[in-house]
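Have a look at the structure below, then the notes.
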There are 2 protein chains.
Amino acid sequence: MDQKEVSGISFQIDFSQPLYEQILNQIRSAIVRGEIGLGEKIPSVRELARGLHINPNTVMRAYQELERDGLTEKRRGQGTFVTSSSKRVEAFRMEVAKEQIHTFIEQMKNLGLTWENVRAYIDQLLDDDKGGENP
Amino acid sequence: MDQKEVSGISFQIDFSQPLYEQILNQIRSAIVRGEIGLGEKIPSVRELARGLHINPNTVMRAYQELERDGLTEKRRGQGTFVTSSSKRVEAFRMEVAKEQIHTFIEQMKNLGLTWENVRAYIDQLLDDDKGGENP
DNA sequence: TAAGTGTATTATATCACTTAATACACCTAA
DNA sequence: TTAGGTGTATTAAGTGATATAATACACTTA
């Protein structure tokens, strides 16, 4: 719905989830995918709040969770920075991946679908994509 | 956490999600997997509420959603029954499956993982299971 | 008729989320 | 030193989703 850019990081905010979770997920994703480099600074709490027209407390909540994940470090008076440890980022990436994969497998099990069915479906789906239907 | 059985349907309730969603999902799953047969009766609103020690209104909310899904039909004065149309159940199954698969693909994309990685991981995961570690 | 169905209504309580207004300690640049 | 930027903590308030409670009604079946 709402597409905005703050300090080179793009955010899209809607009303389907809590704001702090959307911010959290999108910064996580940007770090994990390398769109924000190791050791790089991320927007200050107030700056991001201003940029997204939301309350600083809401941004704070997302930032505290980021630090619990080990993805960021704060420096007093300076700001918040992505960790310099590629190991930590990688560890987090794998942790979340495992969790999401297991949840997905459980979902497919609940629908009575076999992994063979699902795999075939996705294989075909991605082959079609390569076919060039979407620019 | 809490494991209970009501009219041959087993429910496990915790506090991680709204009650009505858990009831909804677990009855959906039971229908889709054939654990409740086509045309079969499901517990009455009051009976399920009594069995799970929750409010009838909460069960109602789940039951209304089930009917919107096309998975159940109500008969005045008699109760709520699973649809007799296997087509409807199948349509619902595929609709939900597609939705969950696309969400999953999006998640993996956000983590910067390729489908090849994910597929290999799950393949190995399920092979290990067959190996007989879990009874 | 009595008891069981689904359904609707109104009221209340709780909790998560969000905003708002401050305040404090720290760092940095002018 | 000062001014303005950092993260952080606190207190208060409002909103909406969730859940409970107590009733009531129309319908069906035994």
Side-chain angles (χ1 to χ4, degrees), chain A residues 1-2 4 6-9 11 13-27 31 36 39-83, chain B residues 1-2 4 6-9 11-27 36 39-83:
Chain A
M1 291 296 167
D2 213 4
K4 277 170 189 166
V6 179
S7 301
I9 309 176
F11 294 89
I13 306 297
D14 56 41
F15 299 96
S16 64
Q17 281 179 321
L19 289 178
Y20 81 93
E21 275 193 21
Q22 300 185 47
I23 296 168
L24 176 59
N25 286 330
Q26 290 176 32
I27 298 184
I31 294 174
I36 314 177
E40 225 173 87
K41 187 177 184 302
I42 67 176
S44 77
V45 169
R46 288 175 180 82
E47 186 189 355
L48 185 52
R50 242 185 298 118
L52 299 179
H53 302 103
I54 62 177
N55 194 280
N57 292 336
T58 305
V59 177
M60 258 300 291
R61 185 160 177 188
Y63 276 27
Q64 288 178 331
E65 186 73 19
L66 279 174
E67 196 169 19
R68 262 177 257 142
D69 291 340
L71 290 181
T72 60
E73 296 161 359
K74 54 195 164 187
R75 293 183 207 148
R76 288 186 282 178
Q78 297 186 33
T80 303
F81 299 79
V82 175
T83 178
Chain B
M1 289 296 169
D2 212 4
K4 278 170 190 166
V6 179
S7 301
I9 308 175
F11 294 89
Q12 37 193 359
I13 306 295
D14 56 40
F15 299 96
S16 64
Q17 281 180 320
L19 288 178
Y20 80 92
E21 275 193 22
Q22 300 185 48
I23 296 168
L24 176 60
N25 286 329
Q26 291 175 33
I27 297 184
I36 315 177
E40 225 175 87
K41 187 178 184 300
I42 67 176
S44 78
V45 170
R46 288 174 180 83
E47 185 189 355
L48 185 52
R50 242 185 298 117
L52 299 179
H53 302 104
I54 63 177
N55 194 280
N57 292 337
T58 305
V59 176
M60 257 300 291
R61 187 161 175 186
Y63 275 28
Q64 287 178 331
E65 187 73 21
L66 279 175
E67 195 170 18
R68 262 178 259 141
D69 292 339
L71 291 180
T72 60
E73 296 161 1
K74 55 195 163 186
R75 293 182 207 150
R76 289 187 281 177
Q78 297 186 34
T80 303
F81 299 79
V82 175
T83 178

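Numbered from 1 within each chain, the chains take letters A, B, ... in sequence-line order.
Under the rule for a side-chain contact (heavy atoms from CB on, under 4.5 Å), the partners of B:E40 that lie at least two apart in sequence or sit in another chain are B:I36. Evaluation of the side-chain contact (heavy atoms from CB on, under 4.5 Å) rule for A:N57 yields A:N55 as partners, not counting sequence neighbours. Partners of B:T83 under the side-chain contact (heavy atoms from CB on, under 4.5 Å) rule, at least two apart in sequence or in another chain, are B:E73, B:S85, B:R88, B:V89. When the side-chain contact (heavy atoms from CB on, under 4.5 Å) test is applied to B:R75, the partners found at least two apart in sequence or on another chain are B:Q78, B:F81. Scored by the side chain to side chain donor-acceptor pair (under 3.5 Å) test, A:Q64 finds no partners at all (sequence neighbours excluded). For B:Q26, there are no side chain to side chain donor-acceptor pair (under 3.5 Å) partners at least two apart in sequence or on another chain. Partners of A:R76 under the side chain to side chain donor-acceptor pair (under 3.5 Å) rule, at least two apart in sequence or in another chain, do not exist in this structure. With sequence neighbours left out, the side chain to side chain donor-acceptor pair (under 3.5 Å) criterion links B:K41 to no other residue.
Contacts between chain B and DNA chain D, taken as any atom within less than 4.0 angstrom of a protein heavy atom, begin and end at D:dT18 to D:dT29.
By the 4.5 Å heavy-atom criterion applied to side chains, B:I54 and B:I23 are counted as neighbours.
Listed by residue number, the members of residues 64-77 of chain A with any heavy atom below 4.0 angstrom from DNA chain C are A:R76, A:G77. Non-hydrogen atoms lying under 4.0 Å from DNA chain D are contributed by A:R46, A:N57, A:M60, all within residues 46-60 of chain A.
C:dC17 atom C1' lies 14 Å from atom CD1 of A:I13, rounded to whole Å.
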Residues 15-22 of chain A side chain polar contacts: donor-acceptor under 3.5 Å, at least two apart:
| unit_1 | atom_1 | unit_2 | atom_2 | d |
| --- | --- | --- | --- | --- |
| A:S16 | OG | A:D14 | OD1 | 2.7 |
| A:Y20 | OH | A:R61 | NH2 | 3.4 |
| A:Q22 | OE1 | A:D14 | N | 3.0 |
| A:Q22 | NE2 | A:D14 | O | 2.9 |
| A:Q22 | NE2 | A:D14 | OD1 | 3.4 |
| A:Q22 | NE2 | A:Q17 | O | 2.8 |

